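Heads up, the thing below is written out as structure tokens.
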Amino acid sequence: MSSPINGEKSTVEKRISWWLEARFGMFIHWGLYAIPARGEWVMYCERIPKDEYALLAQKFNPKKFDADKWVALAKQAGAKYMVLTTRHHDGFCLWDSSVSDFTSVKTAAKRDFVAEYVEACRKAGMRIGFYYSLLDWRWPAYWDGPEKNPEGWKEFRNYVHAQVRELMTNYGKIDILWYDGAWPHSPEAWGSEQLNAMVRSLQPEIIINNRSGLPEDFDTPEQRIERSLRPWEACMTIDDLWWGYHPGDPNLKSPMQLVRSLVKCVSGNGNFLLNVGPKADGTIPPEQAARMRAIGRWLRRNGESIYGAGAAPFQQPHLGQVTMKGSKVYVHVMFWPGREMCVAGIKNRVLKTYMLASGKKLLFEQKEDRLFIRGLPLRAPDPIDTVVVLEIEGEPEVAPPSFWK
Ligand code: FHN
């Protein structure tokens, strides 16, 4: 990513460097759909007529909404940025849009939740992301498309561009624009080139995901961890399937699964964006909050192996995942081998080994491309992921296997 001539950081690299360092963000899907509490696609899946669905806005008055509490939870989780659904596919805006009457300011709540979210993030030094759905199920032109309904599409596209302009203009510095919902239309149909040029003119340091139909700054594998040569971020639900609140989806991922997903992302130079779906009253379900806090507890002991870390050439599938930062190799031991561990394939001289969480130094012996670490406890000190640190000499070098010789 650096420019080939003088190693200077490229413009993209400069604006995305904080994000690559951050590694972990909290996604929030919240809106009218939290009232029926059957996920964010309830309007579409249950074919609720838009006028009937719009009645929900008269009931959406979340007295318990407290953005400071959301941000506090993100901090407790160890997240370094947040991404809030400013408008999802149902068209309901959580901000004071001048091009829509279907907003949280002009209906029962009479509140600009985006403004409250931004203020809380800024107060806490939390990086601010806006999710924005290009598609809006309420517009017939979205369903017709530009070919069938060119005039209607033009009006719809102007509405979308106007809303993005509002979000980029009225709330100060925004760090991430997380588009969604471009399908099935082309970036040309959305005017994504012009749209993102406008965004960058208003927010020169913003980073933009790849879901306006253009690659922009980072890729966004969803519900899967898929490494990319470009900057990338895997986004995941905390339960099986739903982003919006859906208590009927009881299969919440365990803290172990969630931490290991974060580690797997970082071991592939990726970020992890984990979603919570607040209730209609604005509170985050306690079972979701508990998992976020569990991640935070692990990160408080092991965050050095995540923040600013990335892939290492020394993968150890028999032990778990490996991340690296500078001269430190972090072996994330998920399959505890017992009192002795063999880390294979490191050609570098190993200077020191120790447990990251406790700092306890470990006895080790290097025999060519095998490193034996001994005197370990019989059971994993941290069943979720015990991190063993290897400090190596020089640039990382992999020793090609030769065990058959
Ligand atoms: O349809 C949306 C879905 O509701 C959710 O917002 C996810 C989050 O990345 N994006 C779309 C599905 O890909």
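Since the structure is predicted, the reported quantities are computational estimates derived from the model, not experimental observations.
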Tell me if the [atom1] atom of [X] is crowded by more than 12 foreign heavy atoms within 6.0 Å.
X      : atom1 : value
Tyr44  : OH    : no
Gln58  : CD    : yes
Lys361 : NZ    : no
Glu193 : CD    : no
Leu229 : CG    : no
Lys106 : NZ    : yes
Lys253 : NZ    : yes

Which class fits the ring pair [X] and [Y]: parallel under 30°, tilted 30 to 60°, perpendicular over 60°?
X      : Y      : result
Phe102 : Tyr53  : perpendicular
Phe24  : Phe272 : parallel
Trp30  : Phe60  : tilted

Just by modelled atom types, is the [Y] backbone N or O under 3.5 Å from a matching donor or acceptor in the [X] side chain?
X      : Y      : value
Ser192 : Ser212 : yes
Asp175 : Ile128 : yes
Trp95  : Glu166 : no
Lys279 : Tyr245 : no
Arg260 : Ile384 : yes
Gln288 : Gly277 : yes
Thr86  : Tyr131 : yes
Asp249 : Asp240 : yes
Asn275 : Trp243 : yes
Arg374 : Leu363 : no

- prompt: Hey, mind stepping through His89 and Trp183 against ring-ring contact (aromatic ring centres under 6.0 Å, His included) and telling me if it holds?
  reply: CA-CA 11 Å; His89 310 334; Trp183 66 79; 5.4 Å; yes
Indicate whether the side chain of [X] and that of [Y] have a donor and an acceptor atom separated by less than 3.5 Å.
X      : Y      : result
Thr353 : Glu391 : no
Glu205 : Trp18  : no
His332 : Ser267 : no
Asn302 : Tyr330 : no

task: Determine, stepwise, if the pair Phe113 / Phe65 fulfils ring-ring contact (aromatic ring centres under 6.0 Å, His included).
output: CA-CA 9 Å; Phe113 294 114; Phe65 172 76; 4.9 Å; yes
- request: Could you check Asp369 against Lys347 for salt bridge (charged side-chain N to carboxylate O under 4.0 Å, His left out), going step by step and ending with a plain yes or no?
  value: CA-CA 6 Å; Asp369 60 351; Lys347 197 168 182 178; over 6 Å; no
Quick check: do [X] and [Y] have side-chain heavy atoms less than 4.5 Å from each other?
X      : Y      : value
Phe27  : Leu274 : no
Glu233 : Asp219 : no
Glu340 : Ile373 : no
Tyr142 : Leu135 : yes
Arg87  : Tyr132 : yes
Ile238 : Met292 : yes
Val398 : Ile346 : no
Ile174 : Leu202 : no

message: I'd like to know whether Glu216 forms a side-chain hydrogen bond (donor to acceptor under 3.5 Å, both in side chains) with Asn209, so could you lay out the CA-CA distance, the side-chain angles of the two residues, the decisive distance to 0.1 Å, and finally the verdict.
response: CA-CA 6 Å; Glu216 299 300 345; Asn209 76 352; over 6 Å; no
query: Given Gln163 and Ser97, is the side-chain hydrogen bond (donor to acceptor under 3.5 Å, both in side chains) satisfied, shown in steps?
result: CA-CA 7 Å; Gln163 289 202 323; Ser97 175; 3.2 Å; yes
Please say which of [options] ends up in a salt bridge (charged side-chain N to carboxylate O under 4.0 Å, His left out) with [X].
X      : options                : answer
Asp382 : Arg300, Arg301, Arg297 : Arg301
Glu116 : Lys123, Arg111, Arg122 : Arg111
Glu393 : Arg349, Lys352, Lys328 : Arg349

message: salt bridge (charged side-chain N to carboxylate O under 4.0 Å, His left out) for Arg47 and Glu52? Distances and angles first, verdict last.
response: CA-CA 10 Å; Arg47 299 194 179 193; Glu52 180 183 326; over 6 Å; no
task: List the steps, then state whether side-chain hydrogen bond (donor to acceptor under 3.5 Å, both in side chains) holds for Asn210 with Tyr179.
output: CA-CA 7 Å; Asn210 65 340; Tyr179 285 114; over 6 Å; no
task: Quick one: pull up CD in Glu119 and OH in Tyr171 and give me the separation to the nearest 0.5 Å.
output: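 Glu119 CD to Tyr171 OH: 12.0 Å, rounded to 0.5 Å.
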- request: I would like to know whether His185 and Trp153 meet ring-ring contact (aromatic ring centres under 6.0 Å, His included); could you show each step before the answer?
  value: CA-CA 11 Å; His185 305 299; Trp153 180 265; 4.5 Å; yes
task: Could you please spell out the steps behind the salt bridge (charged side-chain N to carboxylate O under 4.0 Å, His left out) verdict for Asp281 and Lys63?
output: CA-CA 6 Å; Asp281 68 1; Lys63 297 291 185 194; over 6 Å; no
field: The single option from Phe156, Phe92, Trp41 passing ring-ring contact (aromatic ring centres under 6.0 Å, His included) against Trp137
entry: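 Of the listed residues Phe156, Phe92, Trp41, the ring-ring contact (aromatic ring centres under 6.0 Å, His included) partner of Trp137 is Trp41.
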query: For the residue pair Leu252 and Glu287, what are the closest heavy atoms and their distance?
result: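 Here Leu252 and Glu287 meet closest at CD2-CG, 3.5 Å.
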- request: Quick one: do Asp180 and Ser133 satisfy side-chain hydrogen bond (donor to acceptor under 3.5 Å, both in side chains)? Show the steps, please.
  value: CA-CA 5 Å; Asp180 204 7; Ser133 168; over 6 Å; no
message: As a quick check of understanding, evaluate salt bridge (charged side-chain N to carboxylate O under 4.0 Å, His left out) for Asp90 and Arg138, giving each step before the final call.
response: CA-CA 7 Å; Asp90 62 355; Arg138 297 171 315 132; over 6 Å; no
